[in-house]
Amino acid sequence: MEMDRDTLLKLYKTMITIRNFEERGIPETGQRRMSASVHSSAGQEAVATGVCSQLTDEDYMGSTHRGHGHCIAKGVEPRVMMAELFGRATGSNKGKGGSMHIADMSKGMLGTNGVVGASIPLAVGAALTSKVKKLGRVAVAFFGDGGANQGILHESMNLASIWKLPVVFVCENNGYAMSTPAEYALSTAQVSDRAAGYDMPGLHIDGMDVFAVCDAAGEAVARARAGDGPSLLEFETYRYYGHTVFDDPLTYRSKEEEDHWRARDPIQHFRNTVLPLGDITAEELDQMDQEAVDMMEEAVKFADESPLPEEIELYDDVYVSYPAAELKRGTNMGI
Amino acid sequence: MTTTASLATSGTREIQFREAVNECLRQEMALDDSVIIMGEEIAGGAGREDQGVVDAWGGPFRTTVGLIQEFGRDRVLDTPLSEAAFIGAAIGASSTGLRAVAELMFIDFIGVCMDQLVNNAAKMRYMFGGQVKVPFTMMTRIGAGFGAAAQHSESYYSIFSHFPGLKGVVPSDAYTAKGLLAAAIRDDDPVVFFEHKGLYGEKGPVPEESYVLPIGKARTVRAGTDITLVGISKMTWVCTAAAEELAKSGIDAEVIDLLSVSPIDYDHVIDSVKRTHRLVVVDEDTPICSLAGDICSRVAEEAFDYLDAPPSRVTAPHTPVPYSRVLENNYVPNEARVISTVEKLFNR
């Protein structure tokens, strides 16, 4: 895929923003004892970045528990995400969702989702909206190698295929579902092999190479937008940390394996590919790295200085309309 | 279109419960282009495109007959047997600008799609800090008494009272079916609409024009002074039949038709019990952690000083629905069980 300078710089910026968000935001969340359920996508930046670079703000995307990268790549502001992780009223979800439910409907971001595979049919439904209302929008359903084994994926791929919906099913195969190796849990050598069962293209692609991701996603998105139906893309990638920040990944994988993947780091790969071309300099990228560090500094400050939700907000937004007294009847809550 | 309904309306005529459901769907789809419907056998024969888009079945109980002819294949979708995917997709569609109605053929099949209802439909608005509305309606069927055995006969409405974020309605006749289905479709929250299989053929007066009944409001179908009987769905008519019988022995029962399982109109029940001083809830669902148990406990908490007898209930037993008719006939609450329960409360 031919890319102009601005496009390249945008890809780089998205990847380092994700990396810096994960490297800074997750420890900061831990220090504030906000949550143990925060999942880092460090190492997987190229997939989120490349796929979402092929989408517009109006296109839809459903994400997973490991979804910070998807959110940033789809245009959600890092500082409102940071505030959400810190449980603040200024968070993307007013402090009601946390890391596993970050959503921004104005960006077509249908939510990270704490139940593995559960966001897949939501993306299919968003694609149905696009088809029925003739909006020309595409929906991406992200899932992992763990989600690949959920029944809901198979029903959803079949449904999207028979209705020719504009969906791109994107598997981020990072090798492990918690600690269970993908090669143990998958009956086929590749998740993409399963596309044949649903009469859609299935591609297996290097997920550490943002350019390869862009190419594959670009084709699948164009196919969907043209009304030719869904595709399944499997990107081989790696998470640098454990399932959450609390588990030690060396209990189920080797240091050698980690080193092998870190040597293929997607951000370094970008630099190695782009810098020799001469159009973009190392100094420019170094400058962008510093800006990403500064952005996270500002995001942490913004989150820290933001108010906590009012206690009474516990009762807000359960329904659009419901008798308010019935939410707490008989509970002796005192608020 | 009116938002209140009166049976005195000139266009009122007698139609069946199933016809009322069908008429409501037609009217709502005609009024609002964003309403779509999907499910298994909604059209049947996948709309038989080769024969010009007509239905083969129009729903397993013929509640959706004619819709595909009128509204086309884009808005009337037969689905494969994939309840998790199509109910999940209907929820996704409803959160992005459509008002999707999805039919779960029998409530007994809820297990395969429960995650989408409980973890997505019910929670998205809350988890996302109010960013989204989910105007989704799930139509489904309840009710024993048809020899359909344990996986096609249950009445699992009470579990939908339990989940914050969901609403549920239980119409008892053609009039309430039409008005509550319209309310469910127009509601901006996810609503489950429970059709009792034993009511489909029942005729009642229904206005021709479109109308909505409020979700969360019970109604009194028989005024009385001595005891309050609360019925849910078809059990309302078991209560009224029992009340007529009880009247012969001098017990004047008030009968309340609950109509909504979330919100529950506790106040309507409590106001009645404060006058009658006695309560029996008649519930076709099983008894433990049930709607009947919940209403009794709420009345005990909030109207204890008004009670002359323990709040009581008549329910199905804590068993699956049996097949053989001799067993099934005992399963469903009937007039005799209601009458004997009431008589005990009067020490007779």
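Just so it is clear, the values below take in all heavy atoms, side chains as well, and ignore hydrogens, waters and symmetry mates. The chains referred to below are lettered A, B, ... by the order of the sequence lines, with proteins before strands, and numbering in each begins at 1. Treat the numbers as computed from the prediction; the structure is a model and nothing was measured.
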Contact part of [X] toward chain A, heavy-atom cut-off under 4.5 Å: side chain, backbone, both or neither?
X      : value
B/R298 : side chain
B/D115 : side chain
B/F136 : neither
B/E83  : backbone
B/D265 : neither
B/D74  : both
B/K167 : both
B/Q116 : side chain

After noting the C-alpha distance and the side-chain angles of A/N113 and B/N120, does the key distance pass the side-chain hydrogen bond (donor to acceptor under 3.5 Å, both in side chains) rule? CA-CA 9 Å; A/N113 204 303; B/N120 284 340; 3.0 Å; yes
Identify which part of [X] has an atom lying under 4.5 Å from any heavy atom of chain B, answering side chain, backbone, both or neither.
X      : value
A/R329 : both
A/L135 : neither
A/V132 : side chain
A/D104 : both

Residues, nucleotides or ligands: over 12 heavy atoms within 6.0 Å of A/Y322 OH: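 Yes, enclosed.
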Within a reach of under 6.0 Å around CD of A/E310, are more than 12 heavy atoms found that belong to other residues, nucleotides or ligands?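 Counting neighbours around CD of A/E310, 12 or fewer heavy atoms of other residues, nucleotides or ligands fall under 6.0 Å, so no.
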Does B/D188 reach the side chain of A/S321, with side-chain heavy atoms less than 4.5 Å apart?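 No; the side chains remain at least 4.5 Å from each other.
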Any donor-acceptor pair under 3.5 Å linking the side chain of [X] with the backbone of [Y]?
X      : Y      : answer
B/E301 : A/G330 : no
A/S156 : B/A85  : no
A/Y319 : B/L166 : yes
A/E326 : B/Y266 : no
A/D317 : B/R125 : no

Option in B/A93, B/G216, B/S34 with maximal non-hydrogen atom pairs under 4.5 Å from chain A: B/A93
If you look at every heavy atom in A/N158 and B/P80, which pair is closest and at what distance? ND2-CG, 3.9 Å
Looking at CG of A/L128 and CG of B/L77, how far apart are the two atoms once the value is rounded to the nearest 0.5 Å?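 It comes to 6.0 Å.
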Look up atom CZ in B/F128 and atom CG in A/L110, then write down how far apart they are to the nearest 0.5 Å. 7.5 Å
Heavy-atom pairs under 4.5 Å with chain B, option from [options] with the top count:
options                : result
A/A103, A/A123, A/G98  : A/A103
A/L159, A/I162, A/I102 : A/L159
A/K94, A/H101, A/R137  : A/H101
A/A160, A/G95, A/A118  : A/A118

Please determine whether side-chain contact (heavy atoms from CB on, under 4.5 Å) holds for the pair B/Y126 and A/L314, giving the CA-CA distance in whole Å, both sets of side-chain angles, and the decisive distance to 0.1 Å. CA-CA 9 Å; B/Y126 191 78; A/L314 170 67; 3.7 Å; yes
Would you mind telling me which of B/V134, B/V132, B/D189 makes a side-chain contact (heavy atoms from CB on, under 4.5 Å) with A/V320?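 Of all the options given, the one that passes is B/D189.
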